[in-house]
A.B. asks: 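I have a structure I would like to understand better, so I am pasting it below and will then ask my questions one at a time.
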Amino acid sequence: MPDPSIALKKEDLSSSAPRVRFAPSPTGFLHVGSARTFIFNWLYARSKAGTMVLRLDDTDVKRNTEASVQSIFEGLKWVNLGWDEEYKQSDRLDLHQKAAWAIFERGLAYRDFTPAHTGDAEKSGAQGTWLFNPGMRELSREESDRRAAAGEPFALRFLVPRQSVDEIRFTDAVYGEQRKLASDVEDFALLRSDGMPTYHLASCADDADLRITHIIRGQDHLSNTFKHVLIFNALAAQLPSFAHLPLLVAPDGTKLSKRRHGPIVSVTSYRDAGFLAAAFINFLCLLGWSPKNDREQMSLAELQELFTLEGINRANAVVNFKEPAPTPEEMFDPKAVWLNAEHIRALPVEELGARLLPIVRGAGHNLTEAQMLRITPLIRERIKLLRDVLTAADFFFLDQLPQYDPAELIPQKGDAAMAGKVLEKARSVLAGVEFKHDPLDQALRTAAQELGLKAGQMFQPIRVAACGRKNAPPLFETLEVLGREKTLQRIDSAIAKLQ
RNA sequence: GGCGCUAUCGUCUAGGGGUUAGGACGGAAGAUUCUCAAUCUUCAAACCCGGGUUCGAUUCCCGGUAGCGCUACCA
């Protein structure tokens with residue numbers, strides 16, 4: 001008899017609120033492609049008032065690690081979208097077994113006593129058409145039972161229909177009508193010889209049991225779906241809807257992998273480099289999906305509103321990273337970096353400051369919230385990654401300016417003498433003026449006039465003296481935040497450098 | 001090898017039988033500002049190839065090519 005707990009799941013899945021799932025297998029860190037799958041599922045669930053299920057697909061005991069589970073949670077925690085229900089397949093082995101044997105009892109599976117293939121070395125290249133191990137499909141039930149009872153190990157395989165007319169079909173929300181001859185599908189395993197369920201079986205049994213209505217996953221599962229249709233049918237479960245996502249690939253067109261492409265494929269690399277989760281999500285959504293209205297920069301709320309399965313396209317998307325990159329910024333897809341800068345600028349000063357402060361403190365600088373808040377508006381438009389605060393605003397929190405070339409102090413069309421004159425003048429002016437934007441502006445422009453110099457020629461030496469480099473935020477705001485004491489001190493040491 | 005999927009600027013994409021094939025990133029040039037950044041303007045840059053169908057295909061059909069995926073007692 002079929003197990004009733006499986007069979008009774010046959011109900012109308014389409015009329016209820018959608019239930020979607022993200023089902024990573026813990027064999028490594030959270031991959032950006034997985035993160036995108038998670039995000040698309042989440043967006044779909046949220047836009048339809050549905051339920052988001054997180055399920056750890058950990059049936060491959062040999063390859064699963066606890067460290068990987070942790071790193072997946074770490075990645076998801078940063079992405080910060082959350083989920084409604086959580087399961088682990090290893091807690092549900094009983095269900096899988098029952099499902100497998102229910103299929104067997106229905107005559108849709110058979111025991112395969114052929115020893116497992118040892119060498120998986122020749123996985124690529126010309127492989128003969130493998131559909132089933134000879135002799136095993138035809139084994140009588142009696143003999144099969146007898147050999148099993150005798151303790152002979154076996155795998156349980158799905159008995160795929162072999163009539164050439166049998167066709168498996170389903171509709172994919174992205175790829176449309178899909179059909180395949182059953183005779184082109186191999187007799188895939190349901191249970192391993194150690195009794196553990198395979199991915200296909202566990203996944204489908206769980207999807208049926210958890211009443212998943214929409215399976216949104218990577219396109220690498222598109223051809224597996226034919227097997228899944230077979231399993232759902234054998235389980236007498238209603239078929240969920242499918243939506244396969246085009247894959248994320250590397251610039252060389254190959255699938256993203258840690259071995260080949262390094263840490264760039266890990267979600268935490270984006271976090272550590274100073275991406276905002278919202279920008280990261282935004283970026284990923286633009287790979288393989290489009291709102292079709294030329295919108296690019298979108299908040300999470302906007303994405304939720306705009307997201308539809310119809311907007312997903314079919315071709316693989318390249319994540320345009322550079323692996324050996326001179327700077328962290330250059331290693332990421334330029335569009336991701338640009339989006340991050342956009343999201344940074346869109347953040348209120350208080351919020352941006354709050355995100356920047358831990359980074360600055362983490363680098364060993366003492367800084368108060370109030371100080372951070374004054375610095376933030378000055379660098380807001382000058383940083384692309386959060387970590388850029390360390391280089392863009394260093395002169396605010398460093399006591400000693402790093403070494404710089406005294407030649408930098410020399411203004412346009414000027415010489416060292418002019419630089420010296422400017423700095424001396426600035427010194428005396430700044431000693432008396434109020435350190436606020438407007439008075440500074442007025443005093444320094446007047447000083448420039450008195451020296452017969454252009455404003456730029458006056459400001460540049462002061463800027464370099466104060467900041468240690470030519471490129472910095474506007475001068476008066478900077479000096480105002482820096483304060484009289486540090487400014488004068490730095491001008492003094494710049495004058496000394498000039499000698 | 002078998003089966004499946006895909007193909008628009010360097011990249012992400014919009015579009016669709018008749019368009020100057022649109023946008024964005026990146027690139028180049030310029031404007032602007034005390035430098036940088038931001039902002040603005042301008043420029044370069046694409047329909048894989050070959051056959052059909054059609055008055056007309058980048059768009060529809062077929063074939064080719066290329067890429068990707070699956071082809072495990074991995075997921």
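Numbered from 1 within each chain, the chains take letters A, B, ... in sequence-line order. Just so it is clear, the structure is predicted and the values come from calculations on it, not from any experiment.
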A.B. asks: Listed by chain and number, what are the side-chain hydrogen bond (donor to acceptor under 3.5 Å, both in side chains) partners of K497(A), not counting sequence neighbours?
C.D. replies: Q403(A)
A.B. asks: Distance from L475(A) atom CG to T478(A) atom OG1, nearest 0.5 Å?
C.D. replies: 6.0 Å
A.B. asks: Is there any side chain to side chain donor-acceptor pair (under 3.5 Å) pair reaching into residues 451-469 of chain A, and which pairs are they, with sequence neighbours excluded?
C.D. replies: D394(A)-R469(A), Q460(A)-R463(A)
A.B. asks: Can you tell me how the ring of Y199(A) sits relative to the ring of H221(A), calling it parallel under 30°, perpendicular over 60° and tilted otherwise?
C.D. replies: parallel
A.B. asks: Does anything in residues 283-294 of chain A come within less than 4.0 Å of RNA chain B? Heavy atoms only, and list the residues if so.
C.D. replies: L286(A), L287(A), G288(A), S290(A), K292(A), D294(A)
A.B. asks: Rounded to the Å, how far apart are R314(A) CZ and U8(B) C1'?
C.D. replies: 13 Å
A.B. asks: Out of A75(B), C5(B), C70(B), which nucleotide sits closest to the side chain of L222(A)?
C.D. replies: C5(B)
A.B. asks: Between atom CG in N316(A) and atom P in G67(B), what is the gap in whole Å?
C.D. replies: 13 Å
A.B. asks: With 3.5 Å as the limit, what N/O pairs link the protein to nucleotides 61-63 of chain B?
C.D. replies:
none

A.B. asks: Mind checking side-chain hydrogen bond (donor to acceptor under 3.5 Å, both in side chains) for D58(A) and listing every partner two or more places apart, or none if nothing turns up?
C.D. replies: S90(A)
A.B. asks: Pick base, sugar-phosphate or nothing for E330(A), based on heavy-atom distances below 4.0 Å to the nucleic acid.
C.D. replies: nothing
A.B. asks: Tell me the interatomic distance from E477(A), atom CD, to A38(B), atom C1', rounded to whole angstroms.
C.D. replies: 13 Å
A.B. asks: Going by the rule salt bridge (Lys or Arg N to Asp or Glu O under 4.0 Å), which residues pair with E477(A) if we only count those two or more places apart in sequence or in a different chain?
C.D. replies: none
A.B. asks: Identify, with sequence neighbours excluded, every residue that meets side-chain hydrogen bond (donor to acceptor under 3.5 Å, both in side chains) alongside R169(A).
C.D. replies: E167(A)
A.B. asks: Taking side-chain hydrogen bond (donor to acceptor under 3.5 Å, both in side chains) as the test, write out the residues that go with K180(A), two or more places apart.
C.D. replies: none
A.B. asks: From the options C68(B), A38(B), C73(B), select the nucleotide whose nearest atom is closest to the side chain of A155(A).
C.D. replies: C73(B)
A.B. asks: Just the rounded figure in Å: distance from C1' of A24(B) to NE2 of H343(A).
C.D. replies: 13 Å
A.B. asks: Given C68(B), U13(B), U11(B), identify the nucleotide with an atom nearest to the side chain of A317(A).
C.D. replies: U13(B)
A.B. asks: From G69(B), C73(B), A24(B), pick the nucleotide closest to the side chain of L247(A)?
C.D. replies: G69(B)
A.B. asks: For the pair made of NE2 in H244(A) and C1' in C68(B), what is the distance, rounded to whole Å?
C.D. replies: 15 Å
A.B. asks: Using a 4.0 Å heavy-atom cut-off to protein, can you give one letter per nucleotide of nucleotides 26-33 of chain B, 5' to 3': B if the base is in contact, S if only the sugar-phosphate is, - if neither?
C.D. replies: S-------
A.B. asks: Just say parallel, tilted or perpendicular for the rings of W101(A) and F104(A), cut-offs at 30° and 60°.
C.D. replies: perpendicular
A.B. asks: Kindly assign one of parallel, tilted or perpendicular to the pair F321(A) and H261(A), based on the angle between their ring planes and the thresholds 30° and 60°.
C.D. replies: perpendicular
A.B. asks: In terms of relative ring orientation, are F275(A) and F332(A) parallel, tilted or perpendicular, with 30° and 60° separating the classes?
C.D. replies: perpendicular
A.B. asks: Provide, to the nearest angstrom, the distance between the NE2 atom belonging to H31(A) and the C1' atom belonging to A75(B).
C.D. replies: 13 Å
A.B. asks: Between C47(B) and U59(B), how far apart are the two P atoms, rounded to whole Å?
C.D. replies: 12 Å
A.B. asks: Where along residues 456-465 of chain A does a heavy atom fall under 4.0 Å from RNA chain B?
C.D. replies: F459(A), Q460(A), R463(A)
A.B. asks: Give the rounded distance in Å between these two atoms: OH of Y175(A) and C1' of G4(B).
C.D. replies: 11 Å
A.B. asks: Listed by chain and number, what are the salt bridge (Lys or Arg N to Asp or Glu O under 4.0 Å) partners of E305(A), not counting sequence neighbours?
C.D. replies: none
A.B. asks: Once salt bridge (Lys or Arg N to Asp or Glu O under 4.0 Å) is applied, do any residues pair with D220(A), and if so which ones, sequence neighbours excluded?
C.D. replies: K255(A)
A.B. asks: Tell me the interatomic distance from F226(A), atom CZ, to G69(B), atom C1', rounded to whole angstroms.
C.D. replies: 12 Å
